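Okay, structure first, notes after.
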Amino acid sequence: MATKASRTAARMMMAPAVIVLLGWMLVPLIMTLWFSFRNYLPLRGGDLGFAGFDNYVRFITSSAFWPAVLATLTIVLGTLIITVVLGVLLALLLDQPMWGQGIVRILVIAPFFVMPTVSGLVWKNMFLDSVNGLFAHAARAIGVTPVEWIIEAPFFSIILITSWTWLPFATLILLTAIQSLDSEQLDAAEMDGAPKIKRFWYIIVPHMSRAITVVILIQTIFLLSVFAEIFVTTAGAFGSKTLTYLIYQRVLESQNIGLGSAGGVYAIILANIVAVFLMRIVGKNLDA
Amino acid sequence: MGQIELKKVTKRFGETEVIPPLDLVIGEGEFVVFVGPSGCGKSTLLRLIAGLEDITSGTIEIDGQDATAVGPAKRGLAMVFQSYALYPHMTVRKNIAFPLKMAGMDAAAINAKVTAAASVLNLTDYLDRRPGQLSGGQRQRVAIGRAIVREPSAFLFDEPLSNLDAALRVNMRLEITELHQTLKTTMIYVTHDQVEAMTMADKIVVLRAGNIEQVGSPLELYRTPRNTFVAGFIGSPKMNLIDGAEAAKHGVATIGIRPEHVTVSKDGGDWQGRVTVAEHLGSDTFLHVASDLGQMTVRVGGEMNVRHGDTIWMTPDMTHLHRFGADGLRTP
Amino acid sequence: MGQIELKKVTKRFGETEVIPPLDLVIGEGEFVVFVGPSGCGKSTLLRLIAGLEDITSGTIEIDGQDATAVGPAKRGLAMVFQSYALYPHMTVRKNIAFPLKMAGMDAAAINAKVTAAASVLNLTDYLDRRPGQLSGGQRQRVAIGRAIVREPSAFLFDEPLSNLDAALRVNMRLEITELHQTLKTTMIYVTHDQVEAMTMADKIVVLRAGNIEQVGSPLELYRTPRNTFVAGFIGSPKMNLIDGAEAAKHGVATIGIRPEHVTVSKDGGDWQGRVTVAEHLGSDTFLHVASDLGQMTVRVGGEMNVRHGDTIWMTPDMTHLHRFGADGLRTP
Amino acid sequence: ETITIATVNNGDMIRMQSYTDAFTAKTGHTVEWVTLEENVLRQRVTTDITAKGGQFDIMTIGMYETPIWGKNGWLVPLNDLSADYDAADILPAMAGGLSYDGTLFAAPFYGESSMVMYRTDLMEKAGLTMPEAPTWDFIREAAAKMTDRATETNGICLRGKAGWGEGGAVITAMSNSFGARWFDMDWKPQFDSAEWANTITFFKGMMDESGPTGYATNGFNENLSLFQQGKCGMWIDATVAASFVTNAKDSTVADKVGFALAPDNGLGKRSNWLWAWALAIPAGTQKVDAAKSFIEWATSKEYIDLVAAKEGWANVPPGARQSLYDNPEYQKVPFAKMTLDSILSANPNEPTVQPVPYVGVQFAAIPEFAGIATDVSQEFAAAYAGQQTVEEALAKAQAIATDAMEAAGY
Amino acid sequence: MARSITARRKTINTAIAWSIGLLIFFPILWTILTSFKSEADAIAFPPKFLFFDWTLENYAVVQERSDYTRYLWNSIIIAGLSTLIGVIIAIPAAWSMAFVPSRHTKDILLWMLSTKMLPAVGVLYPMYLIFIKLGLLDTRTGLVMVLMLINLPIIVWMLYTYFKEIPGEILEAARMDGASLPKEIIYVLTPMAVPGIASTLLLNFILAWNEAFWTLNLTAAKAAPLTAFIASYSSPEGLFYAKLSAASTMAIAPILIMGWFSQKQLVRGLTFGAVK
Ligand SMILES: Nc1ncnc2c1ncn2[C@@H]1O[C@H](COP(=O)(O)OP(=O)(O)OP(=O)(O)O)[C@@H](O)[C@H]1O
Ligand SMILES: Nc1ncnc2c1ncn2[C@@H]1O[C@H](COP(=O)(O)OP(=O)(O)OP(=O)(O)O)[C@@H](O)[C@H]1O
Ligand SMILES: [Mg+2]
Ligand SMILES: [Mg+2]
């Protein structure tokens with residue numbers, strides 16, 4: 001494979017993808033960096049001059065900043081934990097012999113196709129609503145006061161929706177992983193005297209580790225920018241404002257592009273911290 | 001310890017009967033090899049003995065105890081799989097220790113046993129590697145290590161050497177034989193390989209479509225195959241089976257003669273033929289000969305100067321002639 | 001057509017020199033086999049000849065023309081890969097036609113050539129199948145078909161039979177030999193298999209760590225290995241190499257004797273030893289013997305009644321004794 | 001020509017869409033509608049106008065945006081509309097709120113204030129009579145009496161939902177009647193004042209007593225739905241809601257609704273707001289004439305007549321034109337008078353008891369307001385939900401507002 | 001492992017799996033059911049499951065209010081083209097990574113993925129300005145470009161993991177057979193990777209279909225896809241559950257149906273090389 005000619009060709013074939021992505025990353029990034037140092041207020045006439053680090057200082061010292069970082073991490077971690085744990089269990093279940101496995105699979109995968117806005121709306125109005133939601137109906141039917149899900153458990157509500165969306169993804173990858181396990185390994189473990197639970201912990205879970213990392217990586221990428229689910233449900237109230245949402249408020253509601261851009265830079269930094277962290281584990285796991 | 005008895009064991013997968021009623025006794029300390037064409041049920045039989053598959057009917061007794069309903073872990077057998085089935089995420093040490101850990105043995109005892117097994121198997125230097133970092137032969141040894149630490153009453157091997165290259169296969173074959181001589185534990189061994197079957201077994205079980213065709217020592221099978229199937233199956237290159245007029249001369253339906261029991265001459269002999277291919281190995285020469293009796297293979301010790309197209313004469317060694325009736329069974 | 005000459009060819013991968021300067025001439029119409037231990041550079045050498053890797057220095061000439069800078073497609077060579085590398089989405093017909101299509105040949109001509117190749121290779125009935133629907137041997141033939149339609153000046157084979165089972169391997173070996181006899185095209189063939197090398201080659205090239213240890217006909221290598229490496233590498237079971245006092249008796253550092261050139265007796269002989277393993281194949285018996293001279297292997301034709309632990313005597317056939325100096329080289 | 005109109009997805013606007021053919025028939029221009037939910041609409045049009053994207057020929061905007069945008073010169077002045085159009089007929093309060101420096105920049109499609117809508121049957125059952133102009137104390141007392149948790153009847157429904165256009169509008173309008181204000185004349189935020197503390201404490205106290213569960217997430221839609229299902233005794237909200245709650249098709253209580261002016265506290269200011277959804281033409285558009293012709297059509301008397309003829313007077317867009325209220329047919333609509341009275345009682349220039357530097361009843365028409373008010377309303381919502389005390393919420397609100405105002409250079 | 005499991009075990013498995021499956025699917029089912037109810041039935045207590053007056057009225061209302069087919073068509077074009085172009089750009093890149101790997105291959109791949117972590121809102125304003133400059137606002141071209149760029153990293157990664165499973169020998173064989181690089185990719189690699197490419201297309205089609213930030217902010221009327229369609233229902237006057245459900249059903253139905261039909265392909269491709 002490795003003749004000089006093929007290496008040159010490889011570089012050229014890689015070029016289009018790399019160049020467009022580089023452009024896609026750099027142009028807005030540079031513009032964001034530029035704006036973040038400007039006092040840019042469109043409603044006051046646009047660019048009002050150099051702002052130094054004011055935007056950065058203001059953004060990070062704002063009382064909303066750290067809670068937003070925390071909220072972001074809570075939602076990402078919460079969803080990851082739920083989807084991975086339930087995904088593993090569900091994958092195990094679906095791996096068992098049963099009737100109508102194909103149909104169950106279809107049922108389980110469905111939420112993945114639902115656009116976030118729709119799932120936010122459906123969950124908020126038809127399930128979580130404390131008056132007309134199904135949960136409230138159910139609660140009333142058994143004589144319990146309906147819970148104000150969105151107020152009393154805003155994170156739960158958001159994580160519920162994001163988990164519902166991503167559980168199918170996790171389940172399917174993990175199911176494929178389980179199915180790829182060499183059955184002789186399980187036979188061997190059984191001969192070695194490992195009961196079911198131990199076979200699960202010692203054989204199946206380690207076998208899935210690679211798949212789990214991929215699930216985590218992909219989901220993190222998408223969850224870091226969760227927006228519609230929050231917009232539709234809590235609209236950022238009750239402490240559920242993520243970094244993305246905070247930037248959205250600064251840019252679109254306050255129309256303070258400079259401040260929002262500084263927030264964007266912070267978000268990029270956060271994303272990269274998460275990314276580096278992820279790449280460490282993923283990189284290792286993907287090699288193996 | 002280590003006597004295994006199968007009584008009228010059958011196995012069906014859904015509609016298909018893979019093992020028709022089968023009786024077999026495997027004596028204590030024996031090295032038994034199962035051979036047979038692909039799909040004949042060798043692996044299935046092994047897995048039935050291991051308890052990895054339920055038998056459909058019949059009983060399996062281990063050391064005189066009915067083990068039919070006993071789980072695989074409790075039968076006291078150890079199995080070495082074709083793929084080795086090592087746990088890829090554990091080090092060699094942990095792989096070997098796994099059955100002991102499952103048995104709840106304490107760490108010190110486990111350590112001692114693992115160390116002992118590793119030194120027997122020459123694995124001491126690799127204890128901290130993962131299976132992925134080992135060569136085929138080393139993996140094979142880890143799989144065996146995992147089996148021996150349990151001190152099973154019998155070992156089950158399912159084509160353990162088929163993934164190795166030729167040279168390594170020879171070495172591992174010797175190692176397993178030596179292991180058997182050291183441990184004196186019953187071993188049941190499935191293989192496709194002629195040489196393995198002949199050289200390792202105390203007793204060979206030849207299977208065809210789940211039926212036992214013949215059971216006996218390797219030389220018994222070599223010398224007195226019970227039928228044409230066994231005759232053609234045991235020995236390499238294959239026995240030449242000849243029917244028609246030439247067989248009728250001997251009063252049977254088929255006669256058989258092994259390639260090594262034919263003398264070749266350029267001058268004259270019983271059967272004439274033309275060499276199609278001459279393979280010169282240095283130590284031997286294999287001649288593929290087209291004759292009136294059909295395509296035949298003969299072996300000549302050392303080097304013989306023949307080439308493609310030469311005409312030769314072959315003389316069978318009558319003392320080694322095999323005779324089979326119309327039903328394929330050996331006639332005395 | 002089909003002479004290939006390598007002049008001071010070297011190859012490095014990064015820091016490691018895989019092929020040190022190497023000269024080799026492959027004559028027109030020759031069947032050359034490369035053998036050597038795993039990782040010695042056989043595949044690399046083949047790929048250098050094919051043009052799939054750049055050579056680091058030196059020149060490759062094909063039919064007297066410098067081909068060093070010529071792309072793989074232009075060298076007029078055809079390669080059969082270990083995995084066959086058939087195009088799974090194309091029918092057999094399309095697979096075979098592919099190189100012709102790439103060469104821009106017109107449909108009628110392609111069709112004629114494919115039909116011809118298929119009939120040579122007995123593939124006519126399978127032309128509309130996909131590779132996935134073929135057996136191993138048929139796939140192998142398709143790969144060859146794809147190579148022959150191009151009428152290359154030489155074929156390159158990289159362990160083409162290693163994925164096949166033993167029985168099929170024998171057949172395919174014969175088929176390739178016949179193909180060579182028919183086409184008379186230069187063939188370069190890489191294998192691990194002793195028997196393949198011995199039976200197929202006009203000329204064997206023994207490689208070690210990228211160096212050529214010896215080039216010669218199979219029997220030349222069998223009879224007069226140039227050094228201990230070749231002596232140990234060619235022949236199966238391996239030649240017994242003995243050094244120390246016994247070798248000194250013959251005035252050299254090492255003597256070698258092949259297992260088949262030793263006579264065994266239970267009563268007396270030159271060297272005494274104790275049988276560690278006796279392998280009874282029926283046709284032969286291999287004895288692994290622990291003697292004062294070290295571990296030795298001997299072959300006895302037919303059946304010999306010895307067991308583990310027996311004491312035997314071995315007498316080498318002096319006409320077949322090999323002598324090697326302290327530098328490992330053969331002394332005359 | 002085809003003009004693109006960005007509009008909000010409320011009932012009147014959607015009705016207007018269905019009459020587009022009439023417009024096309026009249027002028028030959030066709031229309032592309034971009035209908036969006038209120039918040040999304042606001043973002044979209046704001047981004048577009050500030051970045052000069054030029055995607056829309058007409059934007060639906062409110063009283064908040066119009067003066068700011070007009071001041072920046074981003075809108076086409078509408079002071080040259082045809083004589084037929086009768087611009088003078090537009091209610092002065094509306095025209096005032098949609099002008100900057102005396103120039104009209106957006107034509108009101110409909111206008112609204114807020115008022116009390118109540119259930120006459122429940123009021124009777126509670127043994128009370130709703131005065132024309134109730135006080136907050138009366139409302140609170142009545143709410144408590146009407147509340148019956150067993151039948152899920154809540155005495156009062158008010159918006160608590162975060163967002164300056166949702167709960168923010170209600171609480172600001174209410175604070176006016178308590179004498180609170182957003183900023184003093186030096187643009188200093190006033191959340192540390194006693195008036196604000198009183199407002200929030202009163203609001204939360206009353207809602208906890210008599211409001212629906214989860215009122216902290218209720219906005220206009222949720223309350224409308226509750227009221228229509230008969231779960232609210234009183235609802236103080238936009239006057240346009242009157243037509244929905246009295247519409248027998250959707251409302252189970254259509255014939256049991258009474259109306260009253262928004263409550264006061266005896267300080268001289270009532271707690272009603274003033275709002276208009278209006279159509280404006282961004283300065284960049286190439287299709288000014290077509291756009292104007294649409295605005296003239298959609299906000300004309302003719303359009304009102306068209307709707308009245310097809311769907312009845314109760315469904316015409318209210319609150320924009322004096323002539324509508326002079327129409328004897330329209331006067332028969334039960335809430336017509338109360339709507340007009342409410343609109344007339346709001347004064348964007350003097351919204352509260354003390355003087356303020358800003359224009360706007362339930363908002364302050366400065367660019368920073370939306371951002372600040374959204375944040376502040378989130379703090380209030382958290383206080384309503386019991387996640388923090390009123391004092392904490394106000395302290396945070398003060399900090400947020402101070403910070404933002406400093407950032408903006410006040 | 002392959003021991004006979006009792007029919008009882010299988011029944012229990014079936015029961016549990018079906019319950020969980022239905023539970024997960026329930027929100028969608030409920031939405032679909034609600035879309036056929038009257039508004040009053042939609043919020044009725046106790047909830048009406050199947051026994052209500054089925055009506056198509058909601059769909060009629062939704063269709064009357066907005067031209068569904070145009071949104072649908074835009075969605076198909078935008079999601080389809082962006083994915084297709086993405087794949088066309090990604091195939092050569094993935095070829096390079098899989099078959100001519102260098103020390104930097106993995107770095108490049110991870111870098112590509114990291115571009116997906118940039119918060120979109122942060123760059124909305126710059127993007128808007130760029131779009132104005134290029135005249136791409138409210139054009140399908142613009143959205144196709146943006147969505148292609150958003151999904152490109154995922155596409156490259158998926159194809160890369162697919163290609164890696166294809167033995168390099170086959171490409172070498174093609175090269176020996178005289179195929180030039182483009183021919184090698186067109187005649188050998190691409191057809192061999194058809195299943196992989198199909199599942200890549202599918203997944204990214206779904207991701208593009210559901211992308212709601214850029215599609216909403218960069219379109220007005222002409223190029224608006226279904227995400228914009230649903231945005232006009234997200235908070236209508238009053239809580240019209242039935243109409244909301246009808247609109248939601250219309251927005252997700254096409255992709256749901258497509259997803260179901262191609263489930264197998266999709267699942268296989270989704271694994272990102274996580275499963276060997
Ligand atoms: N789980 C199963 N379900 C149905 N049929 C099976 C199953 N396992 C094995 N079989 C069938 O049983 C027969 C015997 O299979 P088995 O694996 O025991 O053969 P084998 O002798 O080990 O072959 P090989 O030499 O190829 O390994 C085959 O025909 C196979 O198709
Ligand atoms: N692309 C490469 N980069 C670095 N080293 C390589 C590369 N390809 C081969 N090598 C090294 O070159 C040496 C020769 O490899 P080669 O594949 O030619 O051996 P081989 O003789 O064909 O072995 P085998 O019999 O196992 O096929 C090996 O040590 C191998 O590790
Ligand atoms: Mg088997
Ligand atoms: Mg090789």
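Predicted, not measured: the structure shown is a model, and the values here were computed from it. By convention in this document, chain letters (A, B, ...) are assigned in the order of the sequence lines, proteins followed by strands, and residues within each chain are numbered from 1.
- With respect to chain E, the highest number of heavy-atom pairs below 4.5 Å among Leu252(A), Val122(A), Val108(A), Leu21(A) belongs to Leu21(A).
- Distance check: Leu181(E) CG to Thr8(A) OG1 gives 10.5 Å after rounding to the nearest 0.5 Å.
- Partners of Arg105(A) according to the salt bridge (Lys or Arg N to Asp or Glu O under 4.0 Å) rule, which considers only residues two or more places apart in sequence or in another chain, do not exist here.
- Only the side chain of Ile257(A) comes within less than 4.5 Å of a heavy atom of chain E; its backbone N, CA, C and O stay farther away.
- By the 4.5 Å heavy-atom criterion applied to side chains, Leu90(A) and Ile24(E) are counted as neighbours.
- Ranked by non-hydrogen atom pairs under 4.5 Å with chain A, the options Thr11(E), Ile108(E), Thr34(E) are led by Thr11(E).
- Contact check for Ser225(A) versus Phe213(E): no side-chain heavy atoms found under the 4.5 Å cut-off.
- Interatomic distance, Ile20(E) CD1 to Leu93(A) CG, rounded to the nearest 0.5 Å: 5.5 Å.
- The minimum heavy-atom distance between Ser248(E) and Val118(A), with the atom names listed, is CB-CG1, 3.6 Å.
- For the pair Tyr241(E) (side chain) and Met126(A) (backbone), a donor-acceptor distance under 3.5 Å is absent.
- Proximity of a side-chain donor or acceptor of Trp18(E) to a complementary backbone N or O of Trp99(A) within less than 3.5 Å is detected.
- Of the residues considered (Ala120(E), Gly21(E), Pro27(E), Ala93(E)), Pro27(E) shows the highest number of contacts with chain A, using heavy-atom pairs under 4.5 Å.
- The distance from the CD atom of Glu211(E) to the CE atom of Met115(A) is 10.5 Å, given to the nearest 0.5 Å.
- Contact annotation for Ala228(A): neither backbone nor side-chain heavy atoms come within less than 4.5 Å of a heavy atom of chain E.
- Atoms OG1 and CG, on Thr31(E) and Asn125(A) in that order, are 10.0 Å from each other to the nearest 0.5 Å.
- When each of Met145(E), Met258(E), Lys116(E), Met97(E) is scored by its heavy-atom pairs under 4.5 Å with chain A, the top score falls to Lys116(E).
- The distance from the CG atom of Asn210(E) to the CZ atom of Phe113(A) is 9.5 Å, given to the nearest 0.5 Å.
- In this structure, chain E has heavy atoms under 4.5 Å from both the backbone and the side chain of Val114(A).
- For Leu175(A), no part sits under 4.5 Å from any heavy atom of chain E, backbone or side chain.
- No part of Leu243(A) comes within reach of chain E, as not one of its non-hydrogen atoms sits under 4.5 angstrom from that chain.
- Counting only heavy atoms from C-beta outward, the side chains of Val123(E) and Met31(A) never approach each other to under 4.5 Å.
- With a threshold of 4.5 angstrom between heavy atoms, Val274(A) does not approach chain E through any atom at all.
- Inter-residue side-chain proximity for Trp260(E) and Ile109(A) is flagged as met; some heavy-atom pair is nearer than 4.5 Å.
- Annotation: maximal heavy-atom pairing with chain A below 4.5 Å, among Ile255(E), Thr115(E), Leu149(E), Ile28(E), occurs at Leu149(E).
- With contacts defined as side-chain heavy-atom distances shorter than 4.5 Å, the pair Tyr248(A)/Leu124(E) does not qualify.
- Scored by the ring pair (Phe, Tyr, Trp, His ring centres under 6.0 Å) test, Phe35(A) finds Tyr40(A) as partners (sequence neighbours excluded).
- Between the side chain of Thr14(E) and the backbone N or O of Met98(A) there is no donor-acceptor pair closer than 3.5 Å.
- Contacts of Trp34(A) with chain E are absent, with no heavy-atom separation under 4.5 Å from either backbone or side chain.
- When the shell of 6.0 Å around CZ of Phe261(E) is examined, it contains 12 or fewer heavy atoms from other residues, nucleotides or ligands.
- Between Trp24(A) and Ile150(E), some side-chain heavy-atom pair lies under the 4.5 Å cut-off.
- For Phe222(A), the part sitting under 4.5 Å from any heavy atom of chain E is the side chain, from C-beta outward, and nothing else.
- One distance of note links CZ of Phe25(E) with CH2 of Trp164(A); it measures 9.0 Å at 0.5 Å rounding.
- No side-chain heavy atom of Pro126(E) sits less than 4.5 Å from a side-chain heavy atom of Val27(A).
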Please report the C-alpha distance between Leu217(A) and Trp157(E) in whole Å, then the side-chain angles of each, then the deciding distance to 0.1 Å, and finally whether the side chain to side chain contact (heavy atoms under 4.5 Å, CB included) criterion is met. CA-CA 12 Å; Leu217(A) 178 73; Trp157(E) 191 14; 3.2 Å; yes
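- The greatest number of non-hydrogen atom pairs below 4.5 Å with chain A, out of Val156(E), Ile16(E), Ile155(E), is found for Ile16(E).
- Residue Leu224(A) touches chain E through its side chain alone, counting heavy-atom pairs closer than 4.5 Å.
- Here the side chains of Leu216(E) and Thr117(A) are not in contact, with every heavy-atom distance at 4.5 Å or above.
- Residue contact with chain E, scored on non-hydrogen atoms closer than 4.5 Å, involves the side chain of Leu167(A) exclusively.
- Note on Ala247(E), Gly86(E), Pro92(E): by heavy-atom pairs under 4.5 Å with chain A, the leading option is Pro92(E).
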